[in-house]
Amino acid sequence: MPAFKIPFNGYSVKFSPFYENRLAVATAQNFGILGNGRVHVLSIPPSPGAPIVETAAYDTADAVYDLAWSESHDSLLVAAIADGSVKVYDTSLPPASNPLRSLQEHTREVHAVDYNPSRRDSFLTASWDDSIKLWTVDRPISVRTFKEHAYCVYAAAWNPRHADVFASASGDCTVRVWDVREPGSTMIIPAHDFEVLYTDWNKYDDCILATASVDKSIRVWDVRSFRVPVTVLNGHNYAVRKVKFSPHRGSLMISCSYDMTVCLWDYMVEDALVGRYDHHTEFAVGVDMSVLVEGLLASTGWDELVYVWQHGTDPRAP
Amino acid sequence: MAMRELVTGGAACAVPGSSSSSSNPLGALANALIGSSSKTQERLKEIPVATPTGPENQFFQDGVPLRTLPGSEQDRAFLPPNAQGSEFLRTFHSAYQNDLADAWDDVQHGPLPHVVSDMRAGTVLQPPPTLDGPPQRMLSGLLHSFVDSSRGGIPFRPAQLPLLGLSERDKQCIRDRSTIMGRHFFADKSEDFINSQVNALLHSLDIDSDVHAKGPLPGRYRELEEYWNESQGMMRPVPHVADGWANEFNQLRVNHGNPESWARSFEQQHGSNGWASEFEQEQSQLMAADRMRGANLPNMAAMEQSRMLAHTLAQNNDPKFQNSKFLQFVSKMSRGELIIDDNQVKPAPGDWASEFQQQYNSGPSWTDEYLRNRGPDQWADEFTAKREQVQSADDQWANEFSKLHMNDWADEFGQQVAEGVFGEGTANDWANAYDEFMNEQIAMKQQSDSSRGVYVFSDMNPYVGHPNPLKEGQELFRKGLLSEAILALEAEVMKNPNNSEGWRLLGITHAENDDDQQAIAAMMKAEEADPSNLEVLLALGVSHTNELEQAAALRYLYGWLHHHPKYKTLTTPEMPLSFYHADVAGLFNEAAQMSPEDADVHIVLGVLYNLSREYDRAIASFQTALNLKPNDYSLWNKLGATQANSVQSADAISAYQRALDLKPNYVRAWANMGIGYANQGMYEESIPYYVRALTMNPKADNAWQYLRISLSSASRHDMLEACDSRNLDALQKEFPL
């Protein structure tokens, strides 16, 4: 279907876990270095070929780096704002009532947010203030702050099986695994020699996680034996921005990179790179796989475009 | 800002170009080609359009009085089409949040966002070129070029950008985010390179790189990591930081982080001795960093960069990267043209933005290639020794290039470069340089298909076969029927491909019709058809002034003098290789003494002084010209724009008023009036002028945005909806002029 043009540079895209045709996009002006941001809620047309329609948009005073749909309420979404705030939007409310909440605790840019898929009342935010914060929707202040990383935390991801376990990726070149019931991190994985920009858990194996790094590689780790990676996936030519496991196939992953491509990987097979899409003309920094529609992919980038397409088809096909 | 209006005629042939290329006509060539190459070319509606200006009128040799042509109706003097300014306000007014309020305070207390800044690091050989533009655009352009510089590893050149009016908060954002992000997208460059890139950016913005910064990952942690790895029995990976790192680290570490806690943990792990030695090491690094801080940052960055040049330019031939729209900013470092309004609510009287936007949306695939050939001016000192050869080699390149593309206008341009006004190189030089450039040619040949600025004729032209299409085109242009005029003029130039005047008028018409690519192509054709056409030379000179390509502008303006029957005695028979602003201004001053009654000379002087930001002199020159040509409305607009540039908004308004008295449907002047009022904080007063401009040209998106800003700032939220829905009737009723 046709790409959707956004006014700013795309930063993140997420499918709604409730509606197969709903999508949210985080955007930032001037590449997120200085300027405003905007959250777009988009509706994917039922028939391919029809244009993507914007159903809501929320302006912010600073860049929006990431967002996450609530796993408990179909209209709630949480946005990570570069001014350090975390804003909660309810798409069922009129624009005047939004944002529902503005949670101001992080002292620096909030770079990522992840909603807990098992305990559906809580979410994590990862910030350049080196900390991760745990929030619940009903509390105006954070539940806990996890501060061990020595540099920016770029992403945090809940384990899909264990409601209290999450992993965080940081510029200190490590991934840490945490259990919110424990006082400190339970595991430190020196995952890359360069900054680690993203991490995600395998949806079918609760011990497997993947990391994306500035070193251009994706590594897959088994937390039970994390001395060496399960596999190293090379193929991107620049820093890998995000890597996400498929909700449908255990070994399938999607990644996006500063090399402007979106890649699909099967880390279990020898030729792990199973697909490469080069539809973006600038850094590809946001990618997602639909939980509700198998093979439906979305990506966004600094070329100010949002693409939604079925795996195997041309994202640019009208 | 106002350089645009100042040189309205120039937009007709605005050549997107590289600041680095300025002394080289090939820069114009390359940039013209680049300009049409983008694969993401969404044209903005608001592309600034040229108006015929006074100077051109004078040179109108065929007796077609250009001044009667409807130059400016479609003209817009606005900031970029991105509605960020209004976005900000909208957010502000709808959300009423604390952070927004804070941002608002920043805005209110920030320095007055004045319009003018000086933004390019001058080369050693030139006086600092100037950039006049709203701070947001400069800033944004700078950020673009910064991000851009990650592609192909092109060194980012520091620029001088005084008076941006950035708040401390903004500065910190830029400092921190560019540092952190730079480390992501410069991933495979050395730390030296990253540091110099970031330093160049920060220096350009007058941001200290060592305050409150979230620097790169502290090196000490890496030490810890190493120990940790050892303790884990792991192979120590190849250290991923170069030594230059330490400098940056020390610059940045001073005020952040928590050394105590780190020290404790370090001690826990390694005992106090280890800490002590580490500490000593840090001390010495600190001293080194202090010394370094004292050094001249731009020079340092330049040094760094020149050191990196050979290395970086050899990298990344990926055509996709070279097609990236980021890349075009590399060569245009000094021209901010997008809008950032975190700290700026007032629109500045300028309209570069749309121009920029247009360029932004058009892609350069050549830039990289071009830089390879030429290198930015900044490197001039490094290259001085080789410069002459490079110059002629460039010419050579163009010539050879043209051979490869016989149907391309570049071909003719190249020939002209070789034989005409710019021809410097000798055949021998060319032959020598030929081999060197063969490889580039091959690369360029591959790219040129998508990127050359070839004039594209319309299909189905009903004017083909018309007995006198030129006359018809002029008539249509006069009536403001631009698309029709284009068809007629195309018929003319198809009939008479060597009709410089036809091409020139076609260029102006295209510019007014929001198609600068075609405008540039046409204007270059005009120059090719008649390299000594004074109007074309002046138009190109003015457009390069507009584009802040000082050297190119000077070259064309010098060329004007060179070919002028009256003043050519002032110039040397050979075109100099490079031009100095003072020299060219001096020549024009001589010309002015020779014939003080020639308004054109004074107009060019006014443009030149705008180029060097000597606004008082520019104003004086324009005023002299106005004494000679009191009825030149575009000249009044230039004067107004210059006055606005020099912070004399009140005077500017009366100048705009004179322009409007002379030409009541001068859209650009109406909008400039509004901007003039808004710049003085008189938002209420500015509204009717915007409305008037919009009534005459409802497609002026920028004016809509300015109107929105003024409505917000004047607390007329009740009318915002009318503005958003573009309900001109309601607006006219509410804000009669």
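Just so you know, these numbers use all the heavy atoms, side chains as well, and skip hydrogens, waters and symmetry mates. Below, chains carry the letters A, B, ... as their sequence lines are ordered, and counting in each starts from 1. Since this is a predicted model, take the numbers as computed values, not measurements.
- Between H184(B) and Y258(A), the ring planes are tilted. Angles from 30° to 60° get that label.
- In terms of heavy-atom proximity, D83(A) sits nearest to R177(B) at N-NH2, 4.2 Å.
- Here CZ of R108(A) is found 5.5 Å from CD1 of I180(B). Values are rounded to the nearest 0.5 Å.
- Note that OG of S178(B) is 10.5 Å distant from CG of L34(A), once rounded to the nearest 0.5 Å.
- Of all the listed residues (S213(A), G32(A), A63(A)), the one sharing the greatest number of non-hydrogen pairs under 4.5 Å with chain B is G32(A).
- Residues I33(A) and M181(B) approach most closely at CG1-SD, 3.8 Å, considering heavy atoms.
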